[in-house]
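One structure is given here, and the rest of the page talks about it.
Reminder, nothing fancy here: chain letters follow the sequence lines and each chain counts from 1.
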Amino acid sequence: MKWQGIWRDNETYVVTEDPSKPKFYLLEMFPYPSGELHVGHVRNYTIGDVISRYKRARGYNVLHPMGWDSFGLPAENAAIDRGIQPDTWTWNNIAHMREQLKRMGFTYDWSREVTTAFPEYYKWTQWLFLLLYERGLAYKKTAPANWCPKCHTVLANEQVEQGKCWRCDSLVERRSMDQWFFKITDYAERLLADLEKLDGWPEHIKIMQANWIGKSEGAEIDFAGPDGEKIPVFTTRQDTIYGVTYLVLAPEHPLVEKIIQGTEYEAPVRAFIDKVMRMSEIDRTAETLEKEGIFTGAYATNPVSGDQVPIWIGNYVIYEYGTGAVMGVPGHDERDFHFARKYGLPIKIVIQNEDKSLRLEEMENAYVDPGIMVDSGKFTGLGSEEGQAEVTRFLEENGMGRGKVTYKMRDWLISRQRYWGAPIPVIYCPKCGTVPVPKEDLPVILPLGLKVTSGGPSPLARHEEFVNTTCPVCGEGARRETDTMDTFVCSSWYFFRFASPYNTDVAFAKEDVDYWSPVDLYIGGVEHAVMHLLYARFITKVLYDAGLVPAEEPFQNLLTQGMVVRDGAKMSKSKGNVVSPDEIVGKFGADVMRVFMMFAAPPERDLEWSDRGVEGANRFLRRVWRQVTGEHTGEQPGAEGAPGDGVSTEGLLRIAHQSIKKVSEDLERLALNTAVSQLMELSNYIGRYQRLPKDSQSADALEEAKTALLKLLSPFAPHMAQELWEKLGYSGTIEEAGWPEYDQATIAERTVTVVVQVNGKVRDRIQIEAGSSDEEVTDRALASERIVKLLGEGPDARDKIAKVVVVKDKLVNIVTKR
RNA sequence: GCCGGGGUGUUGGAAUAGGUAGACAAUGGGGACUUAAAAUCCCCUGGGCUUCUAGCCCGUGCGGGUUCGAGUCCCGCCCCCGGCACCA
């Protein structure tokens with residue numbers, strides 16, 4: 001507490017741009033102000049704070065900011081449940097959580113605090129929308145969207161998990177609505193390609209993003225419908241074009257209506273479509289769903305082979321992907337194979353494996369591997385890969401189709417039919433149509449004090465004063481857009497605002513973002529692997545293209561920390577296994593909480609909460625206190641133990657310097673748990689050393705070991721390290737004293753323990769002078785008591801040896817003849 | 001199904017470049033101090049065996065392999081966790 005006040009009063013952690021120092025931009029994902037800091041936050045922010053303090057001690061100019069992702073649905077729900085205004089609720093939560101953060105002793109530069117729900121911030125979120133609009137990257141269209149009935153709004157694709165809303169788990173429905181989108185698909189290729197540049201990202205996150213983007217290279221082939229109209233299909237297997245025996249359209253496909261009209265197939269096809277369309281999204285995409293289809297009565301022509309093939313409708317064809325129509329190649333596609341078998345459609349083999357062993361009557365599965373094209377007209381004999389290129393060329397030369405790349409990723413739907421968000425800055429004029437709000441009119445203020453109710457249209461849409469406005473172009477009466485933006489828009493650029501938070505006339509100043517960008521280390525949960533992290537990369541690229549930021553990628557290094565669990569399960573109120581950080585901090589102090597969380601598990605893995613572990617951390621810090629001050633911390637004196645063997649001044653200095661090396665390296669590679677364990681080892685040794693007779697202790701060496709311990713401990717337990725620093729008689733902050741450097745000569749041991757193995761099994765250990773030659777080591781090993789016992793002495797032993805392997809100063813392995 | 005990550009004592013975890021498996025903790029046990037308890041300090045804490053002041057065998061999910069030597073590399077399985085999921 002004492003030091004927190006001093007840090008604040010001296011503005012220790014307020015940073016300014018300083019070109020004379022190397023910069024380090026450290027960022028943790030800012031929280032949604034839910035009301036209470038939970039242990040997951042504490043873990044995330046402690047990891048960041050440890051790195052921040054370490055980098056600062058190392059002389060970096062560290063930007064370490066904090067803010068609030070403060071728009072969003074829970075505020076509205078709280079308003080409904082408790083009758084408080086969303087803004088009041090949000091500001092109260094922020095005030096409370098800010099205090100909780102301060103109590104942890106985090107090194108934030110609070111002068112840069114950013115709150116996305118303040119007009120000073122969302123003005124620039126709206127500006128960002130207009131920037132995308134100008135650049136043709138924001139557009140409105142009517143499209144079927146994911147509607148969450150409980151949240152009363154649409155959701156982006158990324159926010160639907162297994163057919164359910166990511167927030168409330170409700171089953172998502174399909175609704176056709178007029179919506180604003182950001183054209184993230186224009187950046188699909190770059191978002192994919194630039195993943196390769198992100199060396200500092202965990203591989204699995206990059207893979208998740210690549211899968212989400214879902215690039216497929218193939219071709220679009222124009223089949224001819226019954227009246228000669230084009231029916232394009234997308235395929236990645238152009239080489240199987242001669243194996244097409246039918247076509248399948250998605251039930252939504254516009255051509256369906258046309259080809260069944262007035263035919264005997266009309267009624268049954270309609271019934272089939274109705275059935276499919278009535279299914280919920282989750283049922284329709286469930287893996288258990290039986291593939292079903294129905295014949296339309298119409299036929300299409302294969303442009304390459306000239307074959308006439310029946311047109312079917314299938315429940316498994318997705319209208320939004322590719323062209324919403326697929327060619328059925330049962331011989332070489334698993335799904336098509338089963339569909340063909342089920343409905344008695346013909347199967348053709350057009351790809352043979354090398355040994356020509358495929359026989360139609362023996363096939364139980366499709367042959368999906370590459371092979372040699374057979375029965376494929378002029379392409380017969382080509383390999384699959386070559387065939388794909390040749391078929392594509394043939395299609396293009398004859399106007400029958402074209403090479404095509406398709407992505408699974410869809411455009412980012414940003415409209416939300418909710419109140420507590422940044423209003424979309426658009427006006428609809430009966431005369432001028434859709435008109436963006438001029439930049440000088442920003443922000444479009446979100447009116448406060450509205451009555452928020454559950455269900456029905458958003459309060460904004462019912463608030464006439466907000467809705468009614470004048471057209472900025474013609475001045476006539478017009479209406480405002482009443483949807484607000486997805487909160488992920490707010491969080492897709494906040495890291496630039498932190499670099500330049502004071503500006504009122506620009507979103508961020510060029511020189512500020514030039515100095516600070518990119519974020520050197522970004523820390524947060526995996527749950528944002530494809531949402532926030534993809535959106536932030538997209539927006540950064542847009543800003544880069546507009547010449548506003550210097551970096552094409554926002555986050556140089558990424559650390560995705562694991563969850564905090566208890567009894568193996570995620571903490572939740574309903575399970576009653578929630579740990580309150582306030583309680584722990586109140587009982588043991590922030591340092592104990594910090595040390596426990598850093599020690600209990602490596603950052604990227606889940607951390608199992610353990611009350612016993614917290615007590616262990618407490619014991620460790622109390623011991624350090626006693627060792628440094630010589631004071632007792634409540635225990636009775638007189639129960640001193642023996643120092644144990646092998647404790648020496650030389651040993652003390654060695655472990656002190658080894659610890660400097662080890663802790664520094666561990667901090668660099670973010671192995672914070674092993675860094676703490678090294679500190680424990682150092683402390684254990686100091687304890688044993690202090691139990692030596694006073695006259696064999698070196699005060700200088702002890703002082704050196706103590707200061708090393710405190711400096712190394714200071715990122716983890718800053719309050720205590722600082723207090724002890726003062727007690728040792730030093731002035732100023734321990735951080736200003738700098739990070740310790742180790743001396744290699746002190747670490748080097750004069751004698752080393754070498755393991756002696758016989759045939760790979762450890763048989764003895766010998767003490768030997770460091771740097772001894774292989775011959776010396778071998779001689780010593782053979783002379784050792786245990787080896788003599790096993791192999792005999794002198795020439796006897798030498799006769800039995802086939803080979804000796806020596807690893808310098810570590811190990812010698814004697815291999816005997818068999 | 002596909003793609004990732006993982007499987008090490010009673011538990012959390014360590015072993016960073018193929019070289020002493022189990023560091024550091026937690027738990028449990030024993031002891032010291034104490035009238036007693038707490039706190040503190042010391043010792044032990046993977047399994048089995050034996051001739052027990054000492055030593056042997058087994059042991060990193062399972063089965064093979066490479067190597068003087070494998071938790072680590074290769075092949076084939078099993079299980080757990082995460083992501084995607086009829087994507088043509």
Quick one: stems involving RNA chain B, counted as three or more successive Watson-Crick or G-U pairs, both distances short of 3.5 Å. B:1-7 with B:78-84, B:10-12 with B:24-26, B:28-32 with B:40-44, B:46-49 with B:55-58, B:61-65 with B:73-77

Shorter than 3.5 Å, N or O on both sides, protein versus nucleotides 64-67 of chain B: list them out with atom names.
none

Report the residues that fulfil side chain to side chain contact (heavy atoms under 4.5 Å, CB included) with A:Arg654, sequence neighbours left out, ordered by chain and then residue number. A:Glu650, A:Gln658, A:Glu749

Side chain to side chain contact (heavy atoms under 4.5 Å, CB included) partners of A:Asn618, counting only residues at least two apart: A:Phe588, A:Val592, A:Arg622

Going by the rule ring-ring contact (aromatic ring centres under 6.0 Å, His included), which residues pair with [X] if we only count those two or more places apart in sequence or in a different chain?
{"X": "A:Tyr54", "result": "A:Trp739"}
{"X": "A:Phe488", "result": "A:Trp166, A:Tyr535"}
{"X": "A:Tyr343", "result": "A:Trp312, A:Phe339"}

Base-contact (B) and sugar-phosphate-only (S) positions in nucleotides 15-24 of chain B, heavy-atom cut-off under 4.0 Å, - elsewhere: SB--BBS-BB

Quick tally for nucleotides 49-54 of chain B: nucleotides whose base has a protein heavy atom under 4.0 Å get B, sugar-phosphate-only ones S, the rest -, giving ------

Pair listing, side chain to side chain donor-acceptor pair (under 3.5 Å) test, anchored in residues 323-336 of chain A, at least two apart: A:Glu334-A:His338

Does A:Lys761 make a side-chain N or O approach to OP1 or OP2 of B:G55 shorter than 4.0 Å? no

Looking at B:A26, I'd like to know if its phosphate oxygens (OP1 or OP2) sit under 4.0 Å from a side-chain N or O belonging to A:Arg619. yes

Nucleotides 6-8 of chain B: which of its N/O atoms have a protein N/O under 3.5 Å away?
none

Filter on ring pair (Phe, Tyr, Trp, His ring centres under 6.0 Å), then keep only pairs touching residues 592-612 of chain A, sequence neighbours left out; what's left? A:Phe596-A:Trp609

